[in-house]
Amino acid sequence: MSADVLIIYNGGTIGMQPSDQGYAPVPGYLQQQMQSIPAFAKPGLPRYDIIEQHPLIDSAHMHPDRWWGIAKLIEQYHDQYRGFVILHGTDTLAYTASALPFMLENLRKPVILTGSQIPLCEIRNDAQENLVTSLMIAAHYPIPEVCLYFGGKLMRGCRATKLDATGFQAFFSPNYPLLGDVGIDIDIYWERIQAMPKTHAPLKIRAVHEATVGALRLFPGISASVLENILRPPLQGLVLETFGVGNGPSNDPIFLRVLKEATAAGIVLVNCSQCSKGRIRQEAYAAGHALADCGVVSGEDLTTEAALAKLYYLLSEGYSPPEVRLLMGQNLRGEMRP
């Protein structure tokens, strides 16, 4: 083992360079910056290798095919490193952190996703701390999970969501406690960590890029025609971001009819709350019960990012719509309450 950690550099603010059009990723620029900063040459830092994906992207350009590329690299190098750090733009970081747990079956090593709000090249930035600490965690803490580290907080990847567009503590885990806190010490809460896989089967990656899914945020006055236009082929699954504990416009018979017809056509409809914290309780109000009667399944306490990733995974694996509806309510990777 020539190095402790493999850094997979996907793009994002952390390694960007200023340009006339704003910050942009430039091949080789992150490595140049790291070589010029004394912290990355200190003996106590874990040894690392860097693989730079091509092309480097702004995270607004993220696509499920790119998730597949990241997962393939982890599979290829899984036995050669103690852990992995994925450098990623913050805008879609929670989506990637939610997808990879479903893709990496039998994962036995830490995969830490991080990025920054200010590039490493700037004199005042959050990039150096996020990267250094992610390297330390990946090298020295045998966490068999996909995690997101940002702003002193270690979170389960499929529980995290972006909270703040400009603050250094940009992510939070609304429905599951932190896996770790970082201050003077790195404190890992091992009782919250997923158990090491009992099997010694090799890491296997699962596809999540062979399905068509979407998300729709409900709003007062949403028309059934808007919903109907979204629920057209080739759509296979839709996350409905509903009000409160899972309520929707149950006084609109056309809206409900569209939902019933979509369910009958084999489209999987998942109910997630627009509220960041809490869980779906479709039985609590008639407005939620009506959605359940139309075949909409409860997303419990899933984030929208995790619900989409789970739909991608289950549909890509070839499960039938009834099987997907059943499995959406079961905890598979720590993404929801058991």
Side-chain angles (χ1 to χ4, degrees), residues 63-65 67 92 95 98-99 102 158 161 206-276 278-333 335-336:
H63 187 275
D65 287 344
W67 296 339
T92 57
Y95 289 92
S98 295
F102 295 105
C158 54
T161 190
R206 298 291 188 177
V208 297
H209 61 309
E210 298 173 359
T212 304
V213 304
L216 175 64
R217 186 179 180 92
L218 300 188
F219 55 87
I222 186 171
S223 68
S225 61
V226 170
L227 178 65
E228 190 170 27
N229 282 328
I230 291 174
L231 292 169
R232 294 184 184 276
L235 190 75
Q236 296 171 274
L238 182 70
V239 176
L240 284 173
E241 294 185 89
T242 59
F243 310 122
V245 294
N247 302 320
S250 61
N251 62 336
D252 184 341
I254 302 177
F255 189 91
L256 297 180
R257 175 179 59 79
V258 171
L259 292 177
K260 286 182 180 178
E261 290 176 351
T263 298
I267 298 175
V268 179
L269 305 173
V270 181
N271 192 340
C272 286
S273 178
Q274 295 177 16
C275 303
S276 296
R279 70 180 184 92
I280 295 297
R281 296 174 59 227
Q282 291 186 141
E283 75 285 355
Y285 294 88
H289 200 279
L291 299 186
D293 287 343
C294 295
V296 180
V297 298
S298 172
E300 291 289 337
D301 60 349
L302 288 169
T303 63
T304 296
E305 296 92 336
L308 280 165
K310 193 171 183 177
L311 272 177
Y312 266 125
Y313 162 66
L314 293 172
L315 291 166
S316 294
E317 284 289 294
Y319 289 104
S320 68
E323 290 171 327
V324 174
R325 294 186 187 102
L326 178 65
L327 290 170
M328 283 301 300
Q330 297 179 15
N331 178 39
L332 304 179
R333 299 288 194 275
E335 76 281 1
M336 64 193 302

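All of these numbers come straight from a predicted model, not from anything done at the bench.
Between atom CD1 of residue I267 and atom CD of residue E261 there is a gap of 10.5 Å, rounded to the nearest 0.5 Å. A distance of 5.5 Å separates SG in C272 from CG in L302, rounded to the nearest 0.5 Å. Here CZ of F102 is found 7.0 Å from CG of L314. Values are rounded to the nearest 0.5 Å. In this structure, Q330 CD and M336 CE are separated by 9.0 Å, a value rounded to the nearest 0.5 Å.
Formation of a donor-acceptor pair under 3.5 Å by the T212 side chain with backbone atoms of L235 is not found in this model. Using modelled atom types, no side-chain atom of D252 and backbone atom of L256 make a donor-acceptor pair closer than 3.5 Å.
Summarising the local packing, CZ of R281 is surrounded by 12 or fewer heavy atoms from other residues, nucleotides or ligands at distances under 6.0 Å.
Residues Q274 and T242 bring no donor and acceptor atom of their side chains to less than 3.5 Å of each other. Checked by atom type, the side-chain pair S98/E335 shows no donor-acceptor distance below 3.5 Å.
Under the side chain to side chain donor-acceptor pair (under 3.5 Å) criterion, D301 pairs with R159, sequence neighbours left out. Judged as a ring-ring contact (aromatic ring centres under 6.0 Å, His included), and not counting sequence neighbours, Y95 has no contacts.
The stretch residues 229-272 participates, sequence neighbours left out, in no ring-ring contact (aromatic ring centres under 6.0 Å, His included) pair at all. Residue pairs that meet the salt bridge (Lys or Arg N to Asp or Glu O under 4.0 Å) test with at least one member in residues 313-329, sequence neighbours left out, are R206-E317.
Using a 4.5 Å heavy-atom threshold, the side chains of L332 and Y313 count as touching. Side chains of W67 and Y312 form a contact here, defined as non-hydrogen atoms less than 4.5 Å apart. Using a 4.5 Å heavy-atom threshold, the side chains of R279 and V245 count as separate. At a threshold of 4.5 Å between non-hydrogen side-chain atoms, the residues L269 and T263 count as touching.
Residues Q236 and L315 share a closest heavy-atom pair of CB-CD1, 3.7 Å. For the residue pair S316 and A207, the shortest heavy atom distance occurs at CB-O, 3.3 Å. The shortest heavy-atom contact between A307 and V239 is CB-CG2, 3.9 Å. For the residue pair A306 and T303, the shortest heavy atom distance occurs at N-OG1, 3.0 Å.
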_Worked check of side-chain contact (heavy atoms from CB on, under 4.5 Å) between L238 and L311_ = CA-CA 8 Å; L238 182 70; L311 272 177; over 6 Å; no
Considering only distance and modelled atom types, tabulate donor-acceptor pairs under 3.5 Å from the side chains of residues 282-295, sequence neighbours left out.
from, atom 1, to, atom 2, distance (Å)
Q282, OE1, N271, ND2, 2.9
Q282, NE2, V296, O, 3.4
H289, ND1, D293, OD2, 3.3

Can I get a per-line list of side-chain donor-acceptor pairs under 3.5 Å for residues 214-233, giving both atom names and the distance, sequence neighbours left out?
from, atom 1, to, atom 2, distance (Å)
S223, OG, S225, OG, 2.9
S223, OG, V226, N, 3.4
N229, OD1, R232, NE, 3.3
N229, OD1, R232, NH2, 3.0
N229, ND2, S225, O, 3.1

